[in-house]
Amino acid sequence: MTIVKPAPKARASTETRTLTIRDDSTGETYVLPVEDGAIKASDLAKIPGGSDGAGLLTYDPGFMATAAVKSAITYIDGDRGILRYRGYPIEELAERCSFLEIAHLLLGGELPAEEELARWQDEITHHTFIHENIKKFIDGFRHDAHPMGILMSTVAALSTFYPEAKRIADERARRSQIVRLIAKMPTIAAFAYRHAAGLPYVYPDNDLSYTGNFLNMMWKTTELKYDPDPVLERALEVLFILHADHEQNCSTSTVRVVGSSRSDPYSAVAAGIGALYGPLHGGANEQVLRMLEDIGSVDRIPEHIERVKKGELRLMGFGHRIYKSYDPRAKLIKTIADDVFAVTRRSPLLDIALELEKIALEDEYFVSHKLYPNVDFYSGLIYQAMGFPVEMFTSLFAIGRTPGWLAQWEEGLLDPDQRIARPRQIYTGADLRHVD
Ligand code: CMC
């Protein structure tokens with residue numbers, strides 16, 4: 001549909017929703033079709049009078065109210081705290097599925113049948129090794145390099161090992177890189193940790209599950225075969241499932257933006273890891289732990305809350321752009337915590353977290369701002385109890401998010417509407433001037 005100008009006298013049909021805009025400077029009215037609850041910015045741009053002789057633009061820093069894509073992967077209702085992958089409620093998936101089943105679901109749209117799952121697991125398991133040169137590459141990082149820096153650079157470097165990754169129009173080549181990325185991400189993350197700890201790298205054990213093998217690569221020492229604790233193995237699996245996709249969040253949008261220029265998936269995912277690293281996104285899980293340690297004891301919580309309310313600090317692990325109620329992932333994570341603490345020791349920081357949550361949920365500032373615990377609030381406590389150093393937390397998020405990034409990257413590439421991402425700007429600089 002195109003814009004009708006000026007507005008017709010007849011009333012719009014009840015089936016087609018339209019929006020009528022009147023430009024007070026010209027007296028013209030414009031009727032814009034509303035589809036799927038959105039108007040097209042390109043329709044708006046047909047209305048003259050924007051800056052630089054262009055049509056009208058929308059100004060939307062942080063894309064608060066801009067849908068940049070149509071997607072069939074993940075559904076979120078932020079007011080009701082609903083999260084679904086391909087239509088399935090996250091609660092059911094977390095209870096009944098494995099992480100690789102979820103990866104299959106996100107990428108292909110369906111949960112795998114038994115045989116399909118066996119093939120998919122086999123494929124992933126046989127790509128967990130990394131080229132020996134990558135080990136040398138990781139060796140080159142300083143001993144105190146942050147694991148996210150290592151992960152991001154190493155994933156980017158993978159594109160040089162698999163030049164066919166550039167063939168993004170070739171379905172088989174795409175599939176190979178998807179499998180490699182999901183398979184190798186835990187290996188690289190574990191190697192980054194072992195490098196920082198000064199420990200020898202542990203090669204993947206293909207007899208173990210995806211998460212069991214990851215624990216093996218992290219913790220194996222002198223034993224002949226690593227035997228993961230089944231409770232911790234399953235807890236990590238559920239944590240990965242809960243992080244697997246979250247529609248158009250900052251890192252996923254980054255992956256899509258980079259993918260829109262037809263880059264290879266390693267470059268796109270490396271950029272996504274960079275976005276995830278930030279403390280307002282995936283880096284928040286690390287910051288929550290640091291915050292709880294800083295608070296130190298329950299009696300110091302009120303003082304901390306006051307500083308947050310004065311705007312001096314943010315309460316890390318609280319708030320979300322989309323959820324204006326309790327993040328359903330945080331609810332599930334809270335339940336896993338009990339299972340994990342039954343095996344490990346209870347985190348001394350848990351009492352501070354629980355009390356902080358209680359006070360925040362009753363406090364007028366948090367209530368009126370609709371700030372609830374998000375996925376990062378409790379996950380760090382579990383990771384810490386499992387023995388992961390704080391610097392590793394965001395890498396764990398990255399491993400979980402990899403299938404989501406790839407599903408969204410591929411969906412973007414196959415979308416006939418996809419164009420290279422190139423937002424507009426409102427120029428606020430100097431008018432034309434000349435060098436004296
Ligand atoms: N603590 C205190 N005040 C907050 C917080 C917070 N965590 N989050 C938002 N606010 C306030 C903010 O000060 C603002 O107040 P006012 O309107 O009075 O100026 C209002 O709430 C809206 O904040 P915003 O920054 O405009 O909201 P946003 O949608 O742009 O930001 C967010 C969302 C997640 C970046 C933000 O809530 C935040 O910084 N949270 C802490 C970091 C965090 O936990 N991030 C993890 C997010 S979930 C997992 C993930 O995506 O990785």
Side-chain angles (χ1 to χ4, degrees), residues 59-66 74 76 78-79 81-83 90 148 151-152 239-256 269 271-292 294-295 301-334 353 356-383 390 392-402 404-405 408:
Y59 176 58
D60 188 13
F63 311 113
M64 301 278 287
T66 296
T74 290
I76 302 177
D79 289 330
I82 292 174
L83 170 60
I90 190 67
M148 280 296 275
L151 190 66
M152 176 168 51
L239 282 159
F240 284 169
I241 291 172
L242 298 180
H243 286 89
D245 194 51
H246 213 232
E247 49 117 308
Q248 309 312 316
N249 57 84
C250 178
S251 55
T252 301
S253 302
T254 304
V255 170
R256 279 191 180 256
V269 169
I273 296 173
L276 188 74
Y277 194 177
L280 297 189
H281 191 12
N285 55 16
E286 184 175 335
Q287 297 308 322
V288 170
L289 240 283
R290 298 199 188 285
M291 175 186 78
L292 295 175
D294 260 11
I295 295 174
I301 293 176
E303 182 195 326
H304 189 84
I305 295 267
E306 279 318 301
R307 292 187 65 196
V308 170
K309 282 158 64 175
K310 278 192 210 146
E312 289 173 21
L313 304 165
R314 284 206 160 196
L315 191 55
M316 300 313 284
F318 263 69
H320 198 274
R321 171 65 59 77
I322 308 292
Y323 292 121
K324 298 303 167 202
S325 63
Y326 212 104
D327 182 334
R329 301 168 300 172
K331 254 187 218 160
L332 291 162
I333 289 177
K334 228 173 145 180
L356 195 59
E357 177 188 338
K358 188 167 155 274
I359 295 179
L361 290 181
E362 287 164 0
D363 188 287
E364 161 56 22
Y365 175 89
F366 294 89
V367 173
S368 63
H369 284 77
K370 298 190 174 168
L371 298 171
Y372 294 86
N374 60 47
V375 70
D376 293 317
F377 192 63
Y378 286 106
S379 59
L381 288 172
I382 302 180
Y383 295 144
V390 180
M392 273 299 284
F393 293 0
T394 314
S395 308
L396 299 170
F397 192 151
I399 297 173
R401 185 55 55 88
T402 300
W405 283 332
Q408 302 266 356

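Quick note: residue numbers are just sequence positions, from 1. Scope of the values below: all heavy atoms of this structure, side chains included, with no hydrogens, waters or symmetry mates. Only a predicted model underlies this, so the values are computations on that prediction, with no experimental measurement involved. First listed ligand is number 1; within each ligand, the first listed atom is number 1.
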Visitor: Using 30° and 60° as the class boundaries, would you call the ring planes of His281 and Phe397 parallel, tilted or perpendicular?
Guide: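 Rings of His281 and Phe397: perpendicular, as their planes differ by over 60°.
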
Visitor: Quick check on atom 22 (C) of ligand 1 - does any protein heavy atom sit closer than 4.0 Å to it?
Guide: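 Neighbour list for atom 22 (C) of ligand 1 is empty of protein heavy atoms (cut-off 4.0 Å).
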
Visitor: Should the pair Glu306-Lys310 be classified as a salt bridge under the 4.0 Å nitrogen-to-oxygen rule?
Guide: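 Salt bridge absent between Glu306 and Lys310.
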
Visitor: Using a 4.5 Å cut-off on heavy atoms from C-beta on, say whether the side chain of Gln408 contacts that of Asp245.
Guide: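 In short, these two side chains touch, coming nearer than 4.5 Å.
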
Visitor: Is atom 19 (O) of ligand 1 less than 4.0 angstrom from some protein heavy atom?
Guide: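 No.
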
Visitor: So how far is it from Ile359 CD1 to His304 NE2, rounded to the nearest 0.5 Å?
Guide: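 Reported to 0.5 Å precision, the distance equals 11.0 Å.
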
Visitor: Which of the atoms of ligand 1 are close to Phe397, meaning less than 4.0 Å from one of its heavy atoms?
Guide: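 Within the 4.0 Å cut-off of Phe397, ligand 1 contributes 52 (O).
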
Visitor: Can you pull out the closest protein heavy atom to atom 34 (C) of ligand 1? Residue, atom name and distance to 0.1 Å, please.
Guide: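 Result: Gly319 O, 3.7 Å.
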
Visitor: Any idea which protein heavy atom is nearest atom 39 (O) of ligand 1, and the distance to it?
Guide: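 Protein heavy atom with the smallest distance to atom 39 (O) of ligand 1: Arg314 NH1, 2.7 Å.
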
Visitor: Using a 4.0 Å heavy-atom cut-off, which part of His320 comes near ligand 1: side chain, backbone, both, or neither?
Guide: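 His320 to ligand 1: contacts from backbone and side chain alike.
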
Visitor: Mind checking whether His281 has an N or O less than 3.5 Å away from an N or O of ligand 1?
Guide: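 There is such a contact, yes.
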
Visitor: Please state which protein non-hydrogen atom is closest to atom 4 (C) of ligand 1 and give its distance, to 0.1 Å?
Guide: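 Heavy-atom neighbour on the protein nearest atom 4 (C) of ligand 1: Leu371 CD1, 3.5 Å.
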
Visitor: In terms of residue, atom name and distance, what is the protein heavy atom nearest to atom 16 (P) of ligand 1?
Guide: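 Atom 16 (P) of ligand 1 sits closest to the protein heavy atom His369 NE2, 3.5 Å.
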
Visitor: Check for me whether Gly62 has a heavy atom closer than 4.0 Å to any atom of ligand 1.
Guide: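 No heavy atom of Gly62 comes that close to ligand 1.
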
Visitor: According to the interplanar angle, ranging from 0 to 90°, do the rings of Phe366 and Phe318 count as parallel (below 30°), tilted (30 to 60°) or perpendicular (above 60°)?
Guide: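 If you compare the ring of Phe366 with that of Phe318, the planes turn out perpendicular.
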
Visitor: Would you say Leu280 has any N or O atom under 3.5 Å from an N or O of ligand 1, going by distance alone?
Guide: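 Min N/O separation from ligand 1 is below 3.5 Å for Leu280.
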
Visitor: How close does the nearest protein non-hydrogen atom get to atom 49 (C) of ligand 1, and which residue and atom is it?
Guide: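 The closest one turns out to be Asp376 OD2, 3.2 Å.
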
Visitor: State plainly whether the residues Glu357 and Lys334 are in salt-bridge range, i.e. N to O under 4.0 Å.
Guide: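 A salt bridge is present here (some side-chain N lies under 4.0 Å from a carboxylate O).
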
Visitor: Contact between ligand 1 and Tyr365 is defined here as a heavy atom of the residue under 4.0 Å from a ligand atom; is it met?
Guide: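 Within the 4.0 Å threshold, so yes.
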
Visitor: Testing the basics here: between Arg329 and Leu242, what is the closest heavy-atom pair and its distance to 0.1 Å?
Guide: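 Heavy atoms of Arg329 and Leu242 come nearest at CD-O, 3.3 Å.
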
Visitor: Between Ile305 and Tyr365, is there a side-chain heavy-atom distance shorter than 4.5 Å?
Guide: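 Not touching, per the 4.5 Å side-chain cut-off.
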
Visitor: Could you check whether any side-chain heavy atom of Phe377 comes within less than 4.5 Å of a side-chain heavy atom of Leu356, counting everything from C-beta outward?
Guide: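 In short, these two side chains touch, coming nearer than 4.5 Å.
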
Visitor: When you measure from atom 41 (C) of ligand 1 to every protein heavy atom, which one gives the shortest distance, and what is it?
Guide: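 In this structure, atom 41 (C) of ligand 1 has Phe318 O, 3.4 Å as its nearest protein heavy atom.
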
Visitor: Heavy-atom distance from atom 27 (O) of ligand 1 to the protein below 4.0 Å?
Guide: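 Under 4.0 Å from atom 27 (O) of ligand 1, zero protein heavy atoms found.
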
Visitor: Supply the atom-to-atom distance Glu247 CD to Ile322 CD1, rounded to the nearest 0.5 angstrom.
Guide: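 Glu247 CD to Ile322 CD1: 5.5 Å, rounded to 0.5 Å.
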
Visitor: Measure the distance from atom 47 (C) of ligand 1 to every protein heavy atom, then report the residue, atom name and distance (to 0.1 Å) of the closest one.
Guide: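 The protein heavy atom lying closest is Asn374 ND2, 3.5 Å.
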
Visitor: Quick check on contacts: which atoms of ligand 1 are under 4.0 angstrom from a heavy atom of Val375?
Guide: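 Numbered from 1, ligand 1 contributes 49 (C).
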
Visitor: Are a donor atom and an acceptor atom from the side chains of Ser379 and Asn285 found within less than 3.5 Å of each other?
Guide: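 No donor-acceptor contact under 3.5 Å links the two side chains.
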
Visitor: Calculate, to the nearest 0.5 Å, the distance between atoms CG and CG belonging to Leu361 and Leu371 respectively.
Guide: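 The distance works out to 10.0 Å.
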
Visitor: I'd like to check Gln287 versus Leu280 (side-chain heavy atoms, cut-off strictly below 4.5 Å). Are they in contact?
Guide: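 Of all side-chain heavy-atom pairs linking Leu280 with Gln287, none is under 4.5 Å.
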
Visitor: Show which atoms of ligand 1 fall inside a sub-4.0 Å distance from at least one heavy-atom site of Gly317.
Guide: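 Atoms satisfying the 4.0 Å criterion: 43 (C), 44 (O).
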
Visitor: Is the closest N or O pair between Met316 and ligand 1 shorter than 3.5 Å?
Guide: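 Such a contact does not occur with ligand 1.
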
Visitor: Just let me know how Arg321 lines up against ligand 1, side chain, backbone, both or neither, with a heavy-atom cut-off below 4.0 Å.
Guide: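 It is both parts that get close, each with some atom under 4.0 Å.
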
Visitor: Kindly identify the option in Ala284, Ala275, Cys250, Gly282 whose heavy atom sits closest to atom 43 (C) of ligand 1.
Guide: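 Among Ala284, Ala275, Cys250, Gly282, the closest heavy atom to atom 43 (C) of ligand 1 belongs to Ala284.
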
Visitor: Would you please determine whether Asn249 falls within less than 4.0 Å of ligand 1 on a heavy-atom basis?
Guide: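 No, that is not the case, since the closest heavy atom of the residue is not under 4.0 Å from the ligand.
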
Visitor: Closer than 4.0 Å and a protein heavy atom, does any atom meet both conditions relative to atom 1 (N) of ligand 1?
Guide: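 Yes, because at least one protein heavy atom sits under 4.0 Å from atom 1 (N) of ligand 1.
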
